[in-house]
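The block underneath contains the structure these notes are about, expressed in structure tokens.
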Amino acid sequence: MSPVTLDLARLQQWMTRFAAVAEQNKAYLTALDSAIGDADHGTNMARGSAAVLAKLEASPPSTMGELGKTAGMTLVSAVGGSAGPLYGTFFLRLGASIGDAAELDAATLAAALRAGVEGIVARGKAEAGDKTMVDAWLPALAAMDEAVASGASLVDALAAARDAAAAGRDATEPLVARKGRASYLGERSAGHIDPGAASTALLLDALAEVAAA
Amino acid sequence: MSPVTLDLARLQQWMTRFAAVAEQNKAYLTALDSAIGDADHGTNMARGSAAVLAKLEASPPSTMGELGKTAGMTLVSAVGGSAGPLYGTFFLRLGASIGDAAELDAATLAAALRAGVEGIVARGKAEAGDKTMVDAWLPALAAMDEAVASGASLVDALAAARDAAAAGRDATEPLVARKGRASYLGERSAGHIDPGAASTALLLDALAEVAAA
Amino acid sequence: MKKLINAPEAVLADALRGIEAAHRELRVDHENRVILRATPKDHGTVALVSGGGSGHEPLHGGFVGFGMLDAACAGEVFTSPTPDQMQAATAAVDRGAGVLHIVKNYTGDIMNFEMAAELAAAESSIEVRTVIVADDVAVQDSLYTAGRRGVGLTVLMEKILGAAAEQGYDLDALVALADRVNAGGRSMGMALTSCTVPSAGAPTFDLPEDEMEIGIGIHGEPGRHRVPLGSAAEIAQQLLDPILADRDYAGAPVIVMLNGMGGTPLIELYLMFGEVAALLEKHGITVARSLVGDYITSLDMAGCSVTLLHADDEMLSLWDAPVETPGLRWGR
Amino acid sequence: MKKLINAPEAVLADALRGIEAAHRELRVDHENRVILRATPKDHGTVALVSGGGSGHEPLHGGFVGFGMLDAACAGEVFTSPTPDQMQAATAAVDRGAGVLHIVKNYTGDIMNFEMAAELAAAESSIEVRTVIVADDVAVQDSLYTAGRRGVGLTVLMEKILGAAAEQGYDLDALVALADRVNAGGRSMGMALTSCTVPSAGAPTFDLPEDEMEIGIGIHGEPGRHRVPLGSAAEIAQQLLDPILADRDYAGAPVIVMLNGMGGTPLIELYLMFGEVAALLEKHGITVARSLVGDYITSLDMAGCSVTLLHADDEMLSLWDAPVETPGLRWGR
Ligand SMILES: Nc1ncnc2c1ncn2[C@@H]1O[C@H](COP(=O)(O)OP(=O)(O)O)[C@@H](O)[C@H]1O
Ligand SMILES: Nc1ncnc2c1ncn2[C@@H]1O[C@H](COP(=O)(O)OP(=O)(O)O)[C@@H](O)[C@H]1O
Ligand SMILES: [Mg+2]
Ligand SMILES: [Mg+2]
Ligand SMILES: [Mg+2]
Ligand SMILES: [Mg+2]
């Protein structure tokens with residue numbers, strides 16, 4: 001039976017699920033990064049999410065806020081590249097936003113996700129349409145907010161966010177990149193999905209899945 | 001009508017013919033040298049024979065002995081590798097053996113060729129069966145001598161030498177090399193024709209052809 | 001994929017062991033993946049830290065030593081190192097006069113070094129300044145993009161700033177010097193083949209036998225254009241034209257680097273340098289100093305890049321100053 | 001074939017132009033294809049001449065300069081230079097104390113240098129002696145064959161003899177020293193890929209993705225065995241085992257060179273060196289000095305070779321002596 005709120009155990013499942021998904025999609029993400037980047041995004045995400053899992057097992061957090069902080073710190077110090085600081089900042093801000101709350105309902109989760117994404121934007125300075133992970137995050141936040149406003153359940157709100165992220169990911173395909181490595185390709189960056197948008201879609205898919213389980 | 005003796009003009013035609021043949025067989029000789037050597041024998045022979053031709057045109061020799069000397073010196077200074085000193089020494093000794101004779105009959109030509117090959121052996125110290133050009137030269141000399149002894153014409157003697165050289169070339173195929181680069185391959189050198197034996201067969205073929213023309 | 005490695009995940013750790021074994025004048029902090037001088041520099045002089053993804057060897061670890069860097073942080077292949085590494089390096093090398101971070105202009109590198117500087121500012125009293133190298137004319141510079149990549153000029157920057165730091169330049173003077181190096185430096189690269197990232201296991205891009213990529217960086221990314229394979233003379237022109245279109249070097253004395261991308265042998269690099277030198281002469285540009293070889297590579301990519309730096313007398317004398325690193329060495 | 005060249009026939013001439021443009025401390029005799037020091041050494045000291053086919057850069061031209069060679073003769077790719085070139089070089093560098101020819105053991109090289117020495121003896125009063133490098137344990141040594149190839153040890157030979165010549169060793173002393181270097185030196189090489197000779201236009205041999213050649217030389221010839229692709233650790237063993245089986249290095253201080261064949265990037269060479277150093281330690285062999293990089297290459301071949309030299313104190317001090325060449329430089 002799907003929960004009304006998320007708790008520490010669910011967030012931990014999210015991390016477990018994401019590590020599995022990142023490992024499974026390593027070649028896929030790296031293939032996307034080969035087309036318009038430097039062929040390391042899959043390895044970066046797999047390495048980072050595995051490190052988070054190991055860290056959470058070694059020092060289990062006692063709150064969701066702590067989990068966010070641990071995940072963020074671990075990503076920052078284990079990944080490098082663009083993914084490390086960006087996803088690391090995301091989780092650090094997410095954790096800070098959650099604080100010591102014991103449960104997250106759809107609205108507080110939406111706020112926490114938004115805080116995390118604001119961290120990504122502060123760090124990377126990408127705008128909508130720059131062909132980055134932000135192009136998956138922004139529609140996801142919007143869909144989540146809309147679902148919350150219309151009184152949707154947490155599970156439905158996350159499903160909406162997941163679908164919006166996937167659509168945002170697909171919408172990066174025709175774009176000419178203005179940020180990140182793909183920008184070096186100029187016009188040649190068009191016609192390829194942004195790898196970071198794809199990993200963001202996977203991360204939200206993992207969250208929607210553990211919420212619905 | 002085929003001649004009874006060779007003269008300066010014929011030897012010059014030999015060099016012209018050989019330069020054409022070497023150029024045509026550049027890829028073939030280099031392919032043989034790729035299998036058991038360093039992939040330069042075709043280039044070496046084409047470069048060398050073209051240099052000889054250019055030199056003979058620039059300073060036309062007045063005797064056959066001089067032609068041999070010019071060809072030999074040019075090969076020594078234009079080719080390098082193994083082919084340069086070996087074929088260079090061959091022509092130097094050939095020229096010395098011919099001296100200022102105005103014509104070569106089958107016997108004197110056989111002696112001149114033998115002198116040249118003695119130069120090759122003195123320089124390279126290869127014996128029969130070492131899988132080198134010597135394995136084409138020695139049967140050619142033997143066939144030539146036999147033909148001369150049995151009273152064959154110059155043209156027939158050279159045809160016999162040519163056929164023996166070709167047979168000698170083919171007989172290098174199963175051999176394990178003991179001299180030259182192919183020797184580094186040990187047992188792996190077996191199953192390939194020696195490139196130098198192949199160029200020797202071409203050189204004698206060119207001679208037989210100009211003699212018969 | 002054919003590489004002299006044990007396993008894709010182990011490449012960096014194994015290579016660091018080899019660097020340590022090969023160079024007693026260096027010290028390797030394996031935990032933090034930092035390469036340091038075995039003998040630190042004099043107290044009271046600014047220390048230089050650089051770093052970046054691996055796969056560009058000898059950059060950066062091979063430029064640690066007297067007259068160049070004090071430490072280099074090695075990230076995974078093509079992946080910027082983390083703030084932790086940079087912080088550890090910064091703390092290890094500070095000699096009381098502050099630490100200069102030399103960063104190639106890539107989003108990942110910039111963000112990680114930024115976080116390291118923030119952490120350093122928050123947690124220690126070490127003064128950290130940052131210079132960013134951005135010299136690749138293949139990339140259009142614009143306020144709205146990530147800007148130009150840092151490529152070949154990084155080598156020249158590390159040499160020149162390293163000599164200046166050794167001579168006692170303070171942080172402000174080093175940053176000012178770096179600005180002049182950036183202002184006078186431009187690069188352009190090309191590839192005959194893609195490289196293969198070990199963890200990816202296959203070439204990053206396919207390139208037919210009769211084509212080449214012009215305007216590549218150093219991370220195996222495809223270039224700006226794919227064009228028919230050209231002669232060395234044509235390639236020299238295709239690399240120099242955009243550099244000279246971007247900045248006027250006429251009459252200037254320049255330091256030129258003809259850099260190999262890792263898979264191209266030295267004989268071809270010399271041959272290319274001959275073409276570049278001839279073109280520069282035609283343009284009235286004086287080659288004051290030159291460097292030909294593999295200095296900032298892209299794994300096993302075949303190809304090359306050209307870097308020009310308009311060098312004033314100060315830069316030339318810093319260039320000539322003694323340097324003793326695995327990758328560059330003269331004067332001692 | 002993808003190479004940075006203008007035309008296969010022009011490779012050598014074009015590369016020599018580039019070497020000349022890149023190195024003012026060298027002089028290039030284009031007619032004879034000889035690379036010389038711009039400033040000849042002191043009168044009364046023995047001069048060193050080496051040479052061989054091109055495609056092994058930096059060998060030999062990159063080792064011309066103070067503390068190593070006085071001249072290098074460049075043949076066509078993989079083709080020994082001619083006696084004329086060697087004679088021109090010999091005449092140009094003699095400083096009244098005789099000239100030493102350093103020759104790699106290949107039939108072609110031996111014959112051409114022999115003819116050059118004969119010509120020198122006949123036509124001039126310069127005393128010429130020859131030392132032959134033959135260190136490749138992949139080749140069975142025998143009276144009835146061409147003997148071992150000269151490979152990696154050539155670099156060490158040129159460094160050590162070059163330092164000795166600079167210090168005033170006479171011809172006899174140099175030949176005696178060379179004998180000791182030959183006696184203590186062994187090499188073994190391997191290839192992940194074939195090289196492509198420009199004039200041939202295609203790889204010399206085909207090698208499947210999952211196989212490698214063990215026991216290759218430096219001319220793109222296939223090796224002694226073709227075996228399944230191994231890890232770096234396995235390859236280190238496959239290279240060291242035959243060396244150690246051929247000569248006992250236990251307890252000896254050695255100079256080790258881990259050499260790249262031209263197409264393998266430095267990160268892999270360092271990684272390989274880590275494996276080799278670990279194995280040597282296991283065998284109780286002390287690494288006194290080491291060298292990691294591309295020193296004697298085979299065009300664009302991917303692969304590496306290991307050279308060990310049992311070095312006594314004299315050799316070590318000659319090794320450490322100043323050297324100033326494009327390819328090796330320290331101490332000045
Ligand atoms: N400035 C930025 N803001 C947001 N996301 C960015 C930015 N730059 C890059 N990215 C994201 O990072 C992804 C690449 O991550 P990764 O491959 O791990 O790092 P790198 O590009 O350093 O190799 C891109 O696909 C893009 O989504
Ligand atoms: N010692 C020798 N005696 C006679 N012929 C030899 C000897 N060594 C090599 N050769 C011949 O030289 C040929 C190779 O010539 P080439 O490819 O031009 O020189 P290299 O082997 O130096 O590259 C071999 O095929 C062989 O016939
Ligand atoms: Mg990437
Ligand atoms: Mg050959
Ligand atoms: Mg990266
Ligand atoms: Mg040859």
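Order of the sequence lines sets the chain letters (A, B, ...), proteins ahead of strands, with each chain counted from 1.
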For atom NZ of K69(A), decide whether the heavy atoms of other residues, nucleotides or ligands shown that lie under 6.0 angstrom number more than 12. no
Any chance you could lay out the side chain to side chain contact (heavy atoms under 4.5 Å, CB included) test for T43(A) and E9(C), step after step, and finish with the verdict? CA-CA 9 Å; T43(A) 328; E9(C) 322 76 69; over 6 Å; no
Please identify, among G108(C), G220(C), P203(C), P81(C), the residue contributing the most non-hydrogen atom pairs under 4.5 Å to chain A. G108(C)
Heavy-atom pairs under 4.5 Å with chain C - which of S77(A), A39(A), G37(A), G42(A) has more of them than the others? S77(A)
Under 4.5 Å to a heavy atom of chain C? For A27(A) that would be neither
Flag yes if more than 12 heavy atoms outside E123(C) fall under 6.0 Å of its CD atom; otherwise flag no. yes
Can you tell me which portion of N105(C) sits under 4.5 Å from chain A's heavy atoms? Options are side chain, backbone, both or neither. backbone
With the side chain counted from C-beta on, respond yes when M115(C) and V76(A) share a heavy-atom pair under 4.5 Å apart, and no when they do not. yes
Counting N and O atoms only, with roles assigned by atom type, does the side chain of R188(A) sit under 3.5 Å from a partner on the main chain of G223(C), one being a donor and the other an acceptor? yes
Which of H225(C), Q87(C), E213(C) touches chain A most, by non-hydrogen pairs under 4.5 Å: E213(C)
Would you say E114(C) and R123(A) make side-chain contact, with heavy atoms under 4.5 Å? yes
M1(C) atom CE, over 12 foreign heavy atoms within 6.0 Å: yes
Spacing of T204(C) atom OG1 and I36(A) atom CD1 [to the nearest 0.5 Å]: 13.0 Å
Smallest heavy-atom separation, H219(C) atom then D38(A) atom, equals O-CB, 3.4 Å
Pair E187(A)-R224(C), side chain to side chain contact (heavy atoms under 4.5 Å, CB included): steps then yes or no: CA-CA 8 Å; E187(A) 301 292 329; R224(C) 293 290 291 201; over 6 Å; no
Nearest heavy-atom pair of S34(A) and P222(C): which atoms, and what distance? O-CD, 4.2 Å
Between A182(A) and chain C, with a heavy-atom cut-off of 4.5 Å, which part of the residue counts as in contact: side chain, backbone, both or neither? neither
If you look at every heavy atom in F78(C) and D40(A), which pair is closest and at what distance? O-OD2, 3.0 Å
Is it the case that atom CG in D210(C) sees more than 12 heavy atoms from other parts of the structure closer than 6.0 Å? yes
Contact origin within T30(A) toward chain C - heavy atom pairs under 4.5 Å: side chain
Tell me whether K55(A) at atom NZ has more than 12 heavy atoms from other residues, nucleotides or ligands lying less than 6.0 Å away. no
How about R181(A) and R149(C): do any of their side-chain heavy atoms sit closer than 4.5 Å? no
Spell out the residues in residues 49-62 of chain C that have some non-hydrogen atom less than 4.5 Å away from a non-hydrogen atom of chain A, in order of number; otherwise answer 'none'. none
Which of residues 190-199 of chain C get closer than 4.5 angstrom to chain A, counting heavy atoms alone? V197(C), S199(C)
Here the gap from Y184(A) atom OH to I216(C) atom CD1, rounded to the nearest 0.5 Å, amounts to 13.5 Å
